[in-house]
Amino acid sequence: TNRTFYEDQFANIGLVLTSQPTGDVVITPVRTNDEITLSVSTVTFTSANWYTPQYFNAVGVDDAIVQGSRPTAVVFNAVSSDNTYNNYNIGQVSITLNDNDNYGVTVTPSISINEGASQNDNIRLTSQPDNDVTITLSTNSQISISPSSVTFTSLNWNVNQQVSITATHDFIQNGNRVVDLTHTATSVDTNYNGISVSNIAVTIVDIDASNVVVAETSGDTLISEAG
């Protein structure tokens, strides 16, 4: 029997005897490695319930480490006073556990801020790295960044780290504009060193405007531009 499922998913496995035993049959499912957990420790069949299937779950362990698909299995030990079933060779359930992890860096998709205002770029990794990963941010003089880099470890890789993005107030009426905020990853972990990280399109909203003031004094009209 074969099963295939992803980490943090499960397969339902059923057992049933093919004949009535003369004594209780205790079957112990045993995992062959730590890639899965089992929902029961034993399954017991009696002369009254031997024909009723009993089920348990094999659950994939979600480990947050990228390691691809790997094999595991459930084997069974049978103990009974009935010699027909004592040490009976039940066989095994072979399992292929698919990985649900991948290498990557998530950032805030887009940011729109007024001149002089700030917003946060939330950054985190999508899987546990083997070594520290530093994400360095860069842009032009129209926005400032604090801090300019953040570092993730095997302990904090899945916790958002915030970088404050502040738009420079230039006191010039130059309209809204879009500035790219780039991210560069460096690490001894070759899976994360130089990994592609999305840029952020930061929209800076111009808050400066030219104002025309019309004032009439002594029959004369004065027009002045302010702003």
Side-chain angles (χ1 to χ4, degrees), residues 1-13 29-40 56-75 92-113 118-140 143-166 178-203:
T1 302
N2 299 307
R3 297 285 192 276
T4 299
F5 53 94
Y6 282 88
E7 295 175 347
D8 207 28
Q9 294 184 345
F10 67 91
N12 192 240
I13 299 171
V30 180
R31 58 184 182 170
T32 58
N33 56 34
D34 293 335
E35 299 288 358
I36 57 174
T37 61
L38 303 177
S39 61
V40 298
F56 66 93
N57 293 329
V59 183
V61 175
D62 192 358
D63 57 12
I65 300 172
V66 181
Q67 51 190 330
S69 299
R70 58 268 190 204
T72 185
V74 180
V75 297
Q92 70 174 33
V93 176
S94 299
I95 295 171
T96 299
L97 188 64
N98 291 330
D99 201 351
N100 64 356
D101 303 297
N102 58 78
Y103 301 110
V105 181
T106 65
V107 299
T108 301
S110 62
I111 293 176
S112 179
I113 46 178
S118 300
Q119 282 194 31
N120 290 328
D121 178 12
N122 295 305
I123 308 171
R124 67 176 177 85
L125 306 186
T126 60
S127 63
Q128 184 177 5
D130 294 332
N131 298 93
D132 291 359
V133 179
T134 298
I135 308 297
T136 302
L137 296 85
S138 59
T139 185
N140 64 24
I143 57 178
S144 59
I145 306 166
S146 180
S148 60
S149 66
V150 292
T151 298
F152 295 93
T153 69
S154 59
L155 299 178
N156 73 350
W157 63 271
N158 59 343
V159 178
N160 278 331
Q161 295 200 49
Q162 295 185 334
V163 175
S164 179
I165 310 300
T166 303
V178 177
V179 177
D180 279 339
L181 177 63
T182 63
H183 305 78
T184 303
T186 54
S187 177
V188 176
D189 184 339
T190 57
N191 294 301
Y192 273 104
N193 187 51
I195 193 172
S196 177
V197 185
S198 298
N199 294 342
I200 297 177
V202 180
T203 300

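None of the values given here were measured: they were computed from a predicted structure.
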Partners of Thr136 by side chain to side chain donor-acceptor pair (under 3.5 Å), sequence neighbours excluded?
-> none
Backbone of Val59 reached by a side-chain donor or acceptor of Asn57 within 3.5 Å | no
Might you work through the side chain to side chain contact (heavy atoms under 4.5 Å, CB included) test for Gln161 and Asn156, ending with a clear yes or no?
-> CA-CA 9 Å; Gln161 295 200 49; Asn156 73 350; 3.5 Å; yes
Kindly write out the residues that satisfy ring-ring contact (aromatic ring centres under 6.0 Å, His included) with Tyr192, not counting sequence neighbours, or none if the list is empty.
-> Tyr103
Side-chain heavy atoms of Leu38 within contact of Phe56, under 4.5 Å = yes
Separation of Ser110 OG from Asp121 CG (nearest 0.5 Å) | 10.5 Å
Can you list the residues that meet the side chain to side chain donor-acceptor pair (under 3.5 Å) rule with Ser154, with sequence neighbours excluded?
-> none
Check the side chains of Asp132 and Thr151 for a donor-acceptor pair under 3.5 angstrom, ignoring hydrogens and angles.
-> no
Looking only at non-hydrogen atoms, find the nearest pair between Ser164 and Asn120 and report the distance.
-> CA-OD1, 3.7 Å
Sequence neighbours excluded, every pair satisfying salt bridge (charged side-chain N to carboxylate O under 4.0 Å, His left out) that has a member inside residues 62-71 | Glu7-Arg70, Glu35-Arg70, Asp63-Arg70
All heavy atoms of Asn122 vs all of Thr108, minimum pair found to be N-OG1, 2.8 Å
For Val61, enumerate each residue passing the side chain to side chain contact (heavy atoms under 4.5 Å, CB included) test, keeping only those at least two apart in sequence or located in another chain.
-> Thr37
Partners passing side chain to side chain contact (heavy atoms under 4.5 Å, CB included) against Pro147 (at least two apart in sequence or in another chain) = Val150, Val163
Sequence neighbours left out, what passes side chain to side chain contact (heavy atoms under 4.5 Å, CB included) with Ser69? Give chain and number order.
-> Thr96, Asn98
State the CZ-CG distance between Phe152 and Asn160, to the nearest 0.5 angstrom.
-> 7.5 Å
Is a side-chain N or O of Asp99 found less than 3.5 angstrom from the main chain of Gln67, in a donor-acceptor match?
-> yes
Can you name the closest pair of heavy atoms from Ser198 and His183 and give their distance?
-> O-ND1, 3.0 Å
Shortest non-hydrogen contact from Ile95 toward Ala58 | CD1-CB, 4.0 Å
Rounded to the nearest 0.5 angstrom, the OG1-CG distance for Thr184 and Leu137 is 8.5 Å
Do you know which two heavy atoms are closest between Thr166 and Ile113, and how far apart they sit?
-> C-CD1, 4.3 Å
Asp130: what forms a side chain to side chain contact (heavy atoms under 4.5 Å, CB included) with it, not counting sequence neighbours?
-> Asp189
Interatomic spacing from CG in Leu97 to CD in Gln9 - rounded to 0.5 Å = 9.5 Å
Can you find a side-chain donor-acceptor pair between Asn193 and Thr190 that sits under 3.5 Å?
-> no
Smallest heavy-atom separation, Ala185 atom then Ile135 atom, equals CB-CD1, 3.6 Å
Take atom CZ of Phe10 as the centre, draw a 6.0 Å sphere, and report whether it contains more than 12 heavy atoms from other residues, nucleotides or ligands.
-> no
Output all residues satisfying side chain to side chain donor-acceptor pair (under 3.5 Å) with Asn100, sequence neighbours left out; order by chain, then residue number.
-> none
Rounded to the nearest 0.5 Å, how far does OG1 of Thr139 lie from CD1 of Ile145?
-> 5.5 Å
Measure the spacing between OG1 of Thr72 and CD1 of Ile36 and express it to the nearest 0.5 Å.
-> 4.0 Å
Looking only at side chains, do Ser138 and Thr182 share a donor and an acceptor under 3.5 Å apart?
-> yes
Taken in chain and number order and not counting sequence neighbours, the residues that satisfy side chain to side chain donor-acceptor pair (under 3.5 Å) with Gln92 are Ser94
